[in-house]
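Computation of the quantities below employed the complete heavy-atom set of this structure, encompassing side-chain atoms and omitting hydrogens, waters and symmetry-equivalent molecules. Just so we're clear, the structure is a prediction, and the values are computed from it rather than from any experiment. A note on names: the letters A, B, ... follow the listed sequences, proteins ahead of strands, and every chain is numbered from 1.
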Amino acid sequence: MPKVMIPTPLRQYTDKKDSVEVAGATVGEILGTLTTTYPDLKKNLYNDEGKLRSFVNVYVNDEDIRYLSKDKTEVGAGDTVTIVPSIAGGR
Amino acid sequence: MQLSKEEIQRYSRHLIMPEVGMDGQLKLKQAKVLLVGTGGLGSPMALYLAAAGIGTIGLVDFDVVDFSNLQRQVIHGTKDVGKPKIDSAIESMLDINPFINVVRHETALTSENALEIIKDYDLVADGTDNFPTRYLVNDACVLLKKPNVYGSIFRFEGQATVFAYPGGPCYRCLYPEPPPPGLVPSCAEGGVLGILPGVVGLIQATEVVKLILGAGEPLVGRLMLYDALGMKFRELKLRRSPECPVCGDHPTVTKLIDYEQFCGIPAAPPPQPVGGALAMGEIDAKGLKAKMDAGEKFVLLDVREPHEFQIGRIPGSILIPLGELPKRHAELDPEADMVVHCKMGGRSAKAIDFLKTAGFSKLTNMKGGITAWSDQVDPSVPKY
């Protein structure tokens with residue numbers, strides 16, 4: 001099953017897990033299942049119109065899905081989906 | 001330009017490597033690097049770039065050293081608490097290397113001064129701690145065509161890359177918009193492993209030196225992710241976005257804007273005098289103490305995390321972390337008079353918003369949280 005890597009700021013919504021295995025053939029399916037399992041994650045990933053928030057990027061392996069097929073990007077069983085939110089800390 | 005005999009001795013480990021050599025060391029000496037912030041990321045950068053012999057290092061900071069900085073901001077020492085960070089940083093840097101020139105910019109970087117400050121430098125390293133300044137540094141660097149060596153940190157996780165390198169992506173290509181205020185916690189709210197900014201800051205310092213030398217493969221078009229807990233480095237591909245509003249093919253941002261507004265932060269309200277007027281539904285630390293002393297019956301609800309409760313607590317409080325309230329509010333009596341507190345007053349306000357929707361009505365927010373309690377009522381409760 002594809003593995004979804006959860007970044008630190010969002011782990012509070014996934015029972016503190018840093019990665020979750022989720023079935024699905026596309027990024028959209030996988031994130032849909034993931035946010036059904038963890039509903040609190042949904043409002044942090046999607047805006048009210050159901051679009052991925054623009055301070056959150058999603059990668060399949062090392063490629064940004066904005067430059068692949070976005071939500072329809074295909075994901076294989078051995079692939080890793082990584083959620084990368086912007087963080088600003090520096091002090 | 002030449003190196004003195006003392007400098008040759010000092011930089012000998014650089015000079016004997018062909019990738020640096022005399023030519024490279026002279027490039028470092030001629031280079032001008034601006035460090036924005038002398039905090040967690042800025043401290044290791046400033047120390048190592050000074051030691052490496054960067055000829056001119058500019059520092060932008062207007063903050064004062066605090067005890068809570070010393071866990072990670074290694075350029076400042078215990079003796080420096082209360083001093084301007086810029087003074088303590090310059091002292092440390094010149095102690096390590098008196099052959100460099102440190103330029104002080106004791107100010108906040110703003111849309112008004114950023115271009116003026118940055119234009120004299122060859123490149124910028126961003127060690128700031130908030131979204132408005134991150135976007136400001138990015139846009140100014142793109143407009144002035146100066147590479148922006150970026151790093152950011154949260155708890156055990158770091159990100160680093162080089163933005164605004166000719167042909168490469170910028171911060172807005174990666175994140176076109178900032179998160180709404182409050183959604184992504186800062187280090188002050190979320191905490192940070194003290195060593196983490198050392199690792200990430202030194203990745204930035206490495207990139208600064210490489211860019212100056214023109215050596216190796218710069219961290220351009222690649223986002224380095226570092227996970228200290230898993231001890232893993234990963235690399236993701238970054239691309240310049242042709243639609244980017246600042247570095248794209250048809251830019252719409254051609255001068256600096258109001259970045260507080262861009263990040264959804266309302267203009268600062270006029271400063272309130274200490275112990276100033278309380279808003280509706282608020283109580284301050286002294287008021288809470290008086291309420292306790294008068295023997296009033298009420299529930300004092302602490303919505304911080306268990307590890308914060310362990311550091312210190314207000315007597316008689318019960319703990320239900322903010323994140324657990326939706327599942328556990330049934331443990332509370334909705335008819336009871338209730339005062340809610342956290343560390344500073346932010347999370348308790350969120351808890352009250354939630355409890356109202358759950359049918360609670362007699363709710364009071366404790367202004368300033370346990371920090372105010374420590375300041376105004378019981379200094380034996382530690383501040384953190």
Is B/S241 in contact with chain A via its backbone, its side chain, both, or neither, using a 4.5 Å heavy-atom distance?
both
Using non-hydrogen atoms and a 4.5 Å limit, figure out which bit of B/R134 sits close to chain A: side chain, backbone, both or neither.
side chain
Residue B/Y226 excluded, over 12 heavy atoms near OH under 6.0 Å:
yes
Under 4.5 Å heavy-atom distance to chain A, tell me which part of B/R222 shows up: side chain, backbone, both or neither.
neither
Look up atom CE in A/M5 and atom CG in B/L225, then write down how far apart they are to the nearest 0.5 Å.
9.5 Å
Tell me whether the count of non-hydrogen atoms from other residues, nucleotides or ligands lying under 6.0 Å of CD in A/E74 goes above 12.
no
Per-residue contact mode, A/D18 against chain B (heavy atom under 4.5 angstrom)
neither
Under the 3.5 angstrom rule, does the side chain of B/Q159 hit a backbone N or O of A/S86 as a donor-acceptor pair?
no
Just how far is it from atom CG of A/D62 to atom CD of B/E235, taken to the nearest 0.5 Å?
7.5 Å
Ion pair check, B/E243 and A/R66, cut-off under 4.0 Å:
no
Please check this pair: side chain of B/Y175 against backbone of A/I87, looking for a donor-acceptor N/O pair closer than 3.5 Å.
no
Atom CG in B/L238, atom CG in A/D64: separation rounded to 0.5 Å?
8.0 Å
Between CG of A/N57 and CG of B/L223, what distance do you get to the nearest 0.5 Å?
9.0 Å
Considering only heavy atoms and a distance below 4.5 Å, find which of B/T128, B/D227, B/L229 pairs most often with chain A.
B/T128
B/I195 atom CD1, over 12 foreign heavy atoms within 6.0 Å:
no
Please say whether more than 12 non-hydrogen atoms of neighbouring residues, nucleotides or ligands are located less than 6.0 Å from NZ in B/K83.
yes
I need the A/T8 OG1 to B/R155 CZ distance, nearest 0.5 Å.
8.0 Å
Ignoring hydrogens, what is the shortest heavy-atom contact between B/P179 and A/F55? Give both atom names and the distance.
CA-CD2, 3.3 Å
At a heavy-atom separation under 4.5 Å, does B/P176 approach chain A through its side chain, its backbone, both, or neither?
both
